[in-house]
Amino acid sequence: MSARLQGRTALVTGSTDGIGTAIARALAAEGAHVIVSGRDTAKGEKVVASIAEEGGRASFVRADLAGGLPAVRELADAAHRLAGGPLDILVNNAALLINPAPTAEVAEELIDQALAVNVKAAFLLTGLIAPAMAARGSGAIINLGSISGLFGTSGSALYSTTKAAVHSLTKSWADEYGPSGVRVNTVAPGPTFTEKIAALAEYLAPMIAAIPSRRPSTPEEVAKAVVFLAGDDAANIHGATLSVDGGRAAV
Ligand SMILES: NC(=O)c1ccc[n+]([C@@H]2O[C@H](COP(=O)([O-])OP(=O)(O)OC[C@H]3O[C@@H](n4cnc5c(N)ncnc54)[C@H](OP(=O)(O)O)[C@@H]3O)[C@@H](O)[C@H]2O)c1
């Protein structure tokens with residue numbers, strides 16, 4: 001274990017599974033106290049236990065980010081209590097992944113849910129956490145975007161819209177909080193083989209064949225980009241998009 005993030009506290013939303021779990025483990029491996037969050041307490045406790053086994057420090061706070069301001073405020077308050085003050089790192093990672101569908105077949109309820117979890121919750125949470133970071137004069141916020149937020153894809157209008165919004169939020173927040181010492185950046189993964197996404201390997205094969213590296217990313221590769229942007233090695237990086245996509249966004 002190295003110690004680039006020793007003494008810092010990080011909240012990672014949606015870290016009970018997938019990329020979020022890899023981010024939580026990678027931040028903890030650098031010495032951060034990680035607050036793991038999601039709806040599923042059993043999965044969250046398992047992540048906390050695995051981090052402890054690896055010699056790291058983690059706590060779990062349950063939150064359903066579809067619950068609007070009361071749910072988001074509860075998470076922010078619990079995170080501030082665990083940190084004993086302003087957080088050092090916030091990773092807005094939780095998102096609803098949406099099965100491709102023609103626009104005309106997307107239910108209104110799904111639109112509301114996707115916007116609530118992927119956009120509104122990150123917006124509200126940052127509004128509750130960034131000002132305390134700014135008052136102290138330091139902090140790092142990393143938003144999980146996607147190549148889907150950079151390109152148009154037939155059948156993916158809803159998910160892509162939510163991710164494009166995340167890319168936009170990074171830029172606005174970099175301008176809003178940067179002068180106070182809070183860096184805000186995006187990590188934009190391409191197809192990343194979590195267990196869930198690996199099950200779609202056949203469907204994703206044509207997309208992966210168009211990637212310069214000719215392979216998907218791993219959750220650990222995405223997590224390394226987050227660790228970099230969270231730490232002092234990224235000291236003057238604000239408002240950037242770091243793609244972890246095998247080069248897909250470049251071609
Ligand atoms: N995997 C990819 O290929 C890929 C590519 C580009 C970008 N991304 C982005 O990377 C991030 C992580 O994706 P992933 O593939 O790891 O997703 P995932 O495996 O589906 O995990 C999503 C996480 O979000 C949490 N979550 C979902 N709804 C929630 C809610 N209402 N309240 C609180 N937590 C909620 C889930 O926890 P609970 O079930 O415990 O609530 C889970 O921990 C997302 O922002 C996604 O858009 C992923």
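First listed ligand is number 1; within each ligand, the first listed atom is number 1.
Among Ile98, Leu97, Leu204, the residue whose heavy atom lies nearest to atom 14 (P) of ligand 1 is Leu97. In this comparison of Gly145, Ala95, Ser15, Ser148, the heavy atom closest to atom 7 (C) of ligand 1 sits on Gly145. The heavy atom nearest to atom 44 (C) of ligand 1, out of those in Leu144, Val117, Asn93, is found in Asn93. The heavy atom nearest to atom 1 (N) of ligand 1, considering only Ile23, Asp17, Thr192, is found in Thr192.
From the protein, the heavy atom lying nearest to atom 18 (P) of ligand 1 is Lys196 NZ, 3.6 Å. Scanning all protein heavy atoms for the shortest distance to atom 23 (C) of ligand 1 gives Gly14 O, 3.4 Å. Closest to atom 31 (N) of ligand 1 among all protein heavy atoms lies Asp64 OD1, 2.9 Å. Among protein heavy atoms, the minimum distance from atom 32 (N) of ligand 1 is reached at Leu65 N, 2.8 Å. The protein atom (non-hydrogen) at minimum distance from atom 4 (C) of ligand 1 is Ile19 CD1, 4.0 Å.
Enclosure of atom NZ in Lys224 is not indicated, since only 12 or fewer non-hydrogen atoms of other residues, nucleotides or ligands lie within 6.0 angstrom.
Of all atoms in ligand 1, numbered sequentially from 1 with element shown, those under 4.0 Å from a heavy atom of Gly38 are 34 (N), 40 (O), 41 (O). Counting atoms of ligand 1 from 1 in the listed order, those under 4.0 Å from a heavy atom of Ala66 are 31 (N). For ligand 1, the atoms closer than 4.0 angstrom to any heavy atom of Pro191 are 3 (O). For ligand 1, the atoms lying closer than 4.0 Å to a non-hydrogen atom of Ser146 are 6 (C), 7 (C). Shown in contact with Lys43 at under 4.0 Å from a heavy atom are these atoms of ligand 1, numbered in order with element: 39 (O). Ligand-side atoms of ligand 1 in range of Gly18: 16 (O), 19 (O), range being under 4.0 angstrom from any heavy atom.
Both the sub-6.0 Å distance and the 45° axial angle are satisfied by Arg248 relative to the ring of Phe151.
Contacts between Asp40 and ligand 1, counted as non-hydrogen atom pairs separated by less than 4.0 Å, involve both the backbone and the side chain. Within the 4.0 Å heavy-atom criterion, the part of Tyr159 lying near ligand 1 is the side chain and not the backbone. Contacts with ligand 1 closer than 4.0 Å are made by heavy atoms of both the backbone and the side chain of Thr16. If you look at Ala63 next to ligand 1, the close heavy atoms, those under 4.0 Å, all belong to the backbone. The parts of Arg39 lying near ligand 1 are both backbone and side chain, judged by heavy-atom distances below 4.0 Å. Proximity of Ser37 to ligand 1, defined as any heavy-atom pair under 4.0 Å, is not found for any part of the residue.
Under a 4.0 angstrom heavy-atom cut-off, Lys163 registers as being in contact with ligand 1. Assignment of Gly190 to the shell around ligand 1 is supported, since a heavy atom sits closer than 4.0 Å. In this structure, Leu96 has no heavy atom closer than 4.0 Å to ligand 1.
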Residue pair Arg215, Glu221: steps toward the salt bridge (charged side-chain N to carboxylate O under 4.0 Å, His left out) verdict: CA-CA 12 Å; Arg215 68 167 181 87; Glu221 287 169 333; 2.6 Å; yes
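Distance alone, capped at 3.5 Å, is enough to place a donor-acceptor pair between the Thr13 side chain and the Asn93 backbone. Ser37 places no side-chain N or O within donor-acceptor distance of the main-chain N or O of Gly14, the cut-off being under 3.5 Å. The closest donor-acceptor contact from the side chain of Ser160 to the backbone of Ser148 lies under 3.5 Å. Between the side chain of Thr126 and the main chain of Phe123, no donor-acceptor pair closer than 3.5 Å is present. Ser217 contributes no side-chain N or O that, together with a main-chain N or O of Gly190, makes up a donor-acceptor pair within less than 3.5 Å. Under a 3.5 Å cut-off, the side chain of Thr192 and the backbone N or O of Pro219 do not form any donor-acceptor pair.
Note on Arg4 versus Asp233: salt bridge recorded, some NZ/NE/NH1/NH2 to OD/OE distance being below 4.0 Å. One finds no salt bridge joining Glu45 and Arg62 here, because no Lys/Arg side-chain nitrogen approaches an Asp/Glu carboxylate oxygen to under 4.0 Å. Between Asp232 and Arg183, none of the side-chain N atoms (NZ, or NE/NH1/NH2) sits under 4.0 Å from a carboxylate O, so this pair counts as no salt bridge.
Looking at every heavy atom in both residues, Thr186 comes nearest to His167 through CG2-CE1, 3.9 Å. Summarising the geometry of Thr170 relative to Gly239, their closest heavy-atom pair is CG2-CA, 4.0 Å, with the distance given to 0.1 Å.
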